[in-house]
Structure formats: C-alpha cells, structure tokens
S.K.: 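One structure coming up, written as structure tokens, with questions to follow.
Below, all heavy atoms of this structure are taken into account, side chains as well, without hydrogens, waters or symmetry copies. Below, read A as the first sequence line, B as the second, and so on, with proteins coming before strands; counting in each chain starts at 1.
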Amino acid sequence: MDFRARFAPSPTGQVHIGNIRTAIFNWLATRHNKGTFLLRIEDTDLERSTQDAIDKLLECMKWLGLDYDEEIMYQTKQSGLHKQAAEKLIETGYAYKLNPAEEHSPILFKLPYDCDGMKFIRQAGPVRIDLAPGSAVQLNQAGVVYNTVSPKGKTVENAASLAGFKNLEILGADGSVLFRLDEESRKALPSNPQEKMTVENCSALTFLRREVFYHDLVKGDLAKPLDSMKDFIIVRSDGSPVFHLANVYDDMQQRVTHIVRGDDHVENTYRHLFLFEALGFTPPQYAHLPMIVNKAGKPYSKRDGDAFVGDFREKGFMAQALFNYLSLLGWSPGDDREKMSKEELVEAFTIERALRSPAQFDIAKLTNMNALYIAELSRDEFMERIAPYLEKYCPEAVGSPLLEKVAELMHSRTKTFADVAHWTYFFRSPENVEYDAKALKKFLSDDMIRKSVEEFASGLDALPSCTAAEIESKIRAVEEKYGIPQGKLNQPLRIAVTGSTIGAGIYETIELIGSAGSASRIRRALAMKNE
RNA sequence: GCCCCUAUCGUCUAGAGGCCCAGGACACCAGGUUUUCAUCCUGGCGACACGGGUUCGAAUCCCGUUGGGGGUGCCA
C-alpha cells in the first residue's frame, strides 16, 4: 500500500524541538516505508503566521536533512475549497449554521444521530444518568442540556450532541417516561439551534451509549463516548475555515494515509473521523506522539527560549547528533543501539515502537552524543565545521597559522562547536590574555614557585624555537634545581601561559604559542600577581 | 466539574506472565591511563508510584488511589 505522511506545522514562531521531533518521526516512518513525505504549511492563522517563520522552518528542515516530496501546500490557498466543502456539508445535512437568521454565523459540524453504520462507531451498552432532582432537560436537534449533581453537591450543567443519546428516555421523579426519543419525536424537535424544547421536572436519563473508537498506531485502542462530545465549529463567523475542516480537507486532498502528530490532537481525532466520513473519504491511520517536556517536567511552551532548533545549531550542535538524539526521545530500536546513522534509523524505525508517555529533554545527553559525532570527524571535516563558529566566537583565530595545530590539540576536548570560544588564549597577544584570578592566587603565590617560573621564562628566551619535548625537559631541570617535586610546576605554568587551569597539554601549548609569547605571558602573570 | 491518555534508576530507555531480587546509555561517584583538562578503560550508586485482585508465578493482565498530561463551541 502507498504510504503518504505529512508534516503540517503552523508558522507562528520559531520551530522548537517538539515540532521538529514530529517532523522527524513522520520523515523516518515515511522513508522506512518508502513512501511520500509531504509538507503542508498551515498558515490559516493570519494574525500570527509570518513569512519569516516559514523561512526558518524550511531552513531547519534542510539543516536536519528532512527532505520532502511533491510541492509544499499552503493552507491559505485552500480556503476557497474549504468553504465549498462547508457549503456541501450543509447541503448533505452534516453541518448547520448556528444562527440561521444572521448573515455572519459560524457553521457547526453536526455529529450525526444516524451513525450506527459508520466503521468507527460501536455500541457501549445502556446507560442511566441521574439528574439534579426536579431539574429540566432542554433539547433540540443539535443537542441535549441537562443538570447533574457533583460529588460535592453542586449542580453542574452538561451539554452534548443529540447523537450521543440513542433511544433516549427522560424519566420523571416517579419513574414515568416524560419523553422518548424516536424517529418521530426527533423530527419534531426544534431544528433551529436557538430554539429548545424543555422537559420539566426530570430525575434521570436512560439511553444507549455509543462510542467513537479507533486504533492508534502508538496509543493502541482508543474510544470516547459520543455523549461526551458536542457539535463543533468548522467555519468561523467571519467565514474563515477552522483547523478541523481545513486540516481534514487537506489531508484528504493530499491523500494522506498516515497521520503522525502530537498527543494534543487525540481528542480531535474523534471528530475528524466524522469529518472524513462526511467528506466521503476513508480516514487515514493515526499515530499520536507523546509530548517532549522541559527540565521541570512541563510541556514546552513558547516561552522556553532554550528549545528552538535554530539555537541548537548556533550553539554548535551537529544536525546528525540532534536528529539522532531526538529520534531516541519516545522511541528506541528495541536493542541497545543509541548512536545510529540516519540510514540505520530509517531501517529500524517503525512508528509502532514509539512510546506512549512523555519524554524529558536532556541537554547533557545531547551534548554527550554531539561530542561522539564531533570526535569521529576527520581533521579536515573538523576544520571545516568549526570555521563559522571561529568567526563568531574566536575571531582572533581566523587566518592564524596556529589554527590547524590548535584544532588538532583541542579536537577531543570539543563537545560543541561553540567550545572554540575557549581557544582565544592561543591567539591573543600576551597583554590580552584573560586570567582566572582565583587560579592565579592559588598557583602563583608561593615564592619558590614564582622564582622557578621566572627562571623558566628566562630560559625560554634562549630557546627561540622549541619542541614540546624540549620544554618538558626544561621544566624538569628547573624543578630539580629548586628542589620542587616533579610535575609541580606544570599547573602554575599553565595558569601563567593560558590564564586557565584546564586545557591541552602544557608542553604542546607552549610549543604552539612559542617561546617569546609564552615568556612574556609568564612575566605578565607574575606582574599581575604583584599588583 | 466532565471526558480521554499516561506512570521502570535523577534523565532517556530495554522489558509484550517465568530468561528480571530488572539490562543498556547519559549524569554522578571511585579507580586506572594522561604529571591539568578532555578522550579512553574498569568498577560503583541507582527504578518497576501506591493499594487490591487474577495466576503455580506479574514490571508485564484487571480494578482502585495518587501524581502528570491533554481536551472541553469560533488557537492549531
């Protein structure tokens, strides 16, 4: 069977990881099934949709390698067809105007009372609901309104579509039937949604409960009682189509066979099933993905500024790593594999293996995975990848003859490309090196140390160019002369030369920076301490 | 309020009645390599939300409680 899935974002801001994870799962499922991956921009919210957001979205998808087939569908261009569809639904009795008298009235989809033949409807058995004693029940062809008493004793109003109450009987206090819903009485009910028939002094409702059910590829068998549903708006009073209609219509037109989307759409599915039926189209298969939650365990909101895809790119994460990491949020191949190439993911991915419960996004694990991907870059690839980040975070390095060697030295220490920001000390002139004041104090306070460090610096002057090995033996010699334990001078020298307690090997670092530069850095550090 | 979904180490997850007094990864801790840091290697800490049931046997099935999430007539 042909497999057609789509990603249908609304371009109302930055793309965040929740959205893109949905795109990734759609893409993976499609490519696994050798199907067609469609992109539809749901830009019907004219107030909030922007071209900028569309551009950003396309850029993110390109970056992650989420290629799509066929042309992009822009939902706004479909609105004429949507309105036509709504008119047709009115003609066929599947929809009605809320205020038939007014010119600008929203159009509602009417849950059909005669739905027993539909594939997604089943009977759940007889039900009795006790009402608030003596309360009234109001009904018309659209729905039923009745009052019940909550456990706390409060009277609560309930409203639901008439379709939920097959063979409804409204009972009085003495158990007598005040109203019975049958073919005839149903037709006698007010057809104008604004009018209602009232049955006074009721005590209970009995009816045959029916429910909407479907099999969700991720969540399994799902069902919802029809008497908990209401007719819903498909066209606004300003004439614009609502999400439900537009979304279903376009899925129909694009012949979508599999809908993979966020958990928040589960409830919509029960309604969309009816819409597909009314439009005369076989509903697609559904798969609802659980949400990705933030550090606090809450769903990402537009306020979580740290979850935009573009930002991850900025921060120096590789597309591969983010893709890989995100594919593992709410899905696993079933074995212990984690680091997987796109090809491996496509091969292993089935939507049925997606999890049902929310997953928390963990930047630490992403960072670790990113480091894994960076580590396996060749030297040339690494150089190429860091170039844009150098310009931004370490401009001193651009064009420097030292760069290649520094990169080699720092490769295994790079977890994100933005880490190049810590490379500045290699390239700065001695007077611009920034020092860690605390470290300075800790490692360069002892007189004996200071003396020997100074002596080392003087020795450097005599060694205009020197190798790491020569530097090491030089340090050892100074240590011996001053009776300092072997290796004790390394850290003070590191501070003096780089300004920091962490970094690559100090011998190699001094070799790279050169004798003259290192010597003047050391002198400057010693002087700073004196101030 | 009502409806729907959900619950394994701090986090991501393996687990579809016996292979599990629960396995892997990240994080964390300890040790080794590197006279710093990172990489790499070894080890450690650490979970089936709670209460009932079904069964010879339950993390796995059922019910309930609690927690979390979603939906609930003009957002998508």
Side-chain angles (χ1 to χ4, degrees), chain A residues 8-10 12 42-45 47-49 75 98 105-109 142-143 148-152 154-160 216 219-220 222-225 227-238 240 242-244 246-247 261-271 288 290-291 293 295 297-299 325 328-339 355-369 371 375 409-415 419 422 443 472 475-476 479 485-491 493-495 498 500-507 509:
Chain A
S10 43
T12 55
E42 303 213 329
D43 51 356
T44 48
D45 187 340
E47 299 264 311
R48 298 190 299 145
S49 297
Q75 194 157 60
L98 217 208
S105 162
I107 299 173
L108 276 77
F109 183 85
T148 53
V149 180
S150 76
K152 285 179 186 165
K154 241 177 120 180
T155 301
V156 190
E157 188 179 277
N158 305 267
D216 193 286
K219 308 197 85 107
L222 260 27
K224 186 181 178 70
D227 54 296
S228 68
M229 294 175 67
K230 291 197 265 189
D231 294 352
F232 52 96
I233 292 182
I234 52 174
V235 176
R236 298 189 188 89
S237 42
D238 68 1
S240 62
V242 171
F243 160 76
H244 300 295
N247 185 267
R261 59 181 11 170
D263 223 348
D264 47 338
H265 286 294
V266 170
E267 301 282 324
N268 290 333
T269 306
Y270 300 110
R271 313 202 264 221
H288 286 97
M291 309 259 121
V293 297
K295 205 166 187 176
K298 300 288 177 191
Y325 175 73
L328 258 22
L329 274 190
W331 179 86
S332 86
D335 48 41
D336 286 340
R337 283 181 297 169
E338 289 202 340
K339 185 162 175 298
L355 262 13
R356 303 159 182 229
S357 50
Q360 195 172 100
F361 181 83
D362 180 12
I363 188 77
K365 185 148 185 167
L366 203 216
T367 304
N368 174 274
M369 183 159 279
L409 211 52
M410 301 304 283
H411 192 156
S412 76
R413 276 159 262 256
T414 307
K415 297 193 168 195
D419 288 347
H422 304 304
F443 289 97
E472 181 173 8
I475 296 173
R476 293 294 88 84
E479 281 170 348
Q486 255 199 17
K488 192 121 187 253
L489 231 40
N490 284 8
Q491 204 58 346
L493 276 172
R494 173 187 309 288
I495 310 299
T498 71
S500 163
T501 55
I502 54 175
I506 185 61
Y507 319 135
T509 303

S.K.: Between B:A49 and B:U66, how many Å separate the two C1' atoms, rounded to a whole number?
M.R.: 8 Å
S.K.: Taking atom P in both B:C37 and B:G31, what distance in whole Å separates the two?
M.R.: 12 Å
S.K.: Taking the P atom in each of B:C74 and B:A16, what is the distance between them to the nearest angstrom?
M.R.: 45 Å
S.K.: Is A:Arg236 salt-bridged to A:Asp238, cutoff N-O under 4.0 Å?
M.R.: no
S.K.: Please give, in whole Å, the distance from B:G70 P to A:Asp264 CG?
M.R.: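 Value for this atom pair: 9 Å.
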S.K.: What is the distance from NZ of A:Lys298 to P of B:U6, rounded to the nearest Å?
M.R.: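 In whole Å, B:U6 P lies 19 Å from A:Lys298 NZ.
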S.K.: What's the gap between B:G70 and B:C75 when it is taken at their C1' atoms, as a whole Å value?
M.R.: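 About 15 Å, rounded to a whole number of Å.
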S.K.: Can you identify which nucleotide, out of B:A25, B:C37, B:A7, has its nearest atom closest to the A:Ser357 side chain?
M.R.: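 Looking only at heavy atoms from C-beta outward on A:Ser357, the closest nucleotide is B:A7.
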S.K.: Between B:U6, B:C4, B:U36, spot the one nearest the side chain of A:Pro358, thanks.
M.R.: B:U6
S.K.: Figure out the CZ/P separation between A:Phe443 and B:U35, and round it to whole Å.
M.R.: 16 Å
S.K.: Picking from B:A76, B:G73, B:U13, which would you name as closest to the side chain of A:Ala359?
M.R.: B:U13
S.K.: Looking at B:U36, B:C75, B:C26, which one has an atom nearest to any side-chain atom of A:Asp45?
M.R.: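 Closest nucleotide to the A:Asp45 side chain: B:C75.
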S.K.: So what does A:Leu98 hit on the nucleic acid, given a heavy-atom distance under 4.0 Å: a base, only sugar-phosphate, or nothing?
M.R.: base
S.K.: Across the strands shown, which category fits A:Ser228 at heavy-atom distances under 4.0 angstrom: base, sugar-phosphate, nothing?
M.R.: sugar-phosphate
S.K.: Does A:Gln486 use its side chain to pair, donor to acceptor, with the backbone of A:Arg476 at less than 3.5 Å?
M.R.: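 Pair absent, no side-chain N/O of A:Gln486 close to backbone of A:Arg476.
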S.K.: Taking only the C1' atom of each, what is the distance from B:A27 to B:A47 in whole angstrom?
M.R.: 15 Å
S.K.: Mind checking the P distance from B:U42 to B:C61? Whole angstroms is fine.
M.R.: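 Each nucleotide's P atom is 36 Å from the other's.
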S.K.: Between C1' on B:C12 and CZ on A:Phe361, what's the gap in Å once rounded to a whole number?
M.R.: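 Taking atom C1' of B:C12 as the reference, CZ of A:Phe361 is at 11 Å.
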S.K.: Can you figure out which of B:A14, B:G73, B:C26 approaches the side chain of A:Leu355 most closely?
M.R.: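 Comparing B:A14, B:G73, B:C26 against the side chain of A:Leu355, the answer is B:A14.
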S.K.: A:Lys219 side chain: which of B:C26, B:A76, B:C5 is closest?
M.R.: B:C5
S.K.: Give a yes or no on whether the backbone of A:Leu328 and the side-chain of A:Ser332 come within a donor-acceptor separation of less than 3.5 Å.
M.R.: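 Answer holds: no.
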S.K.: Using atom P of each nucleotide, how far apart are B:G71 and B:C29 to the nearest Å?
M.R.: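 Looking at atom P only, B:G71 and B:C29 are 40 Å apart.
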S.K.: Would you say the side-chain atoms of A:Asp362 pair up with the backbone N or O of A:Gln360, donor to acceptor, closer than 3.5 Å?
M.R.: no
S.K.: On a whole-Å scale, what distance lies between the C1' atoms belonging to B:C40 and B:C20?
M.R.: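 Approximately 31 Å lies between the C1' atom of B:C40 and that of B:C20.
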S.K.: To the side chain of A:Lys230, which of B:A76, B:C4, B:G73 is closest?
M.R.: B:G73
S.K.: Pick base, sugar-phosphate or nothing for A:Arg494, based on heavy-atom distances below 4.0 Å to the nucleic acid.
M.R.: base
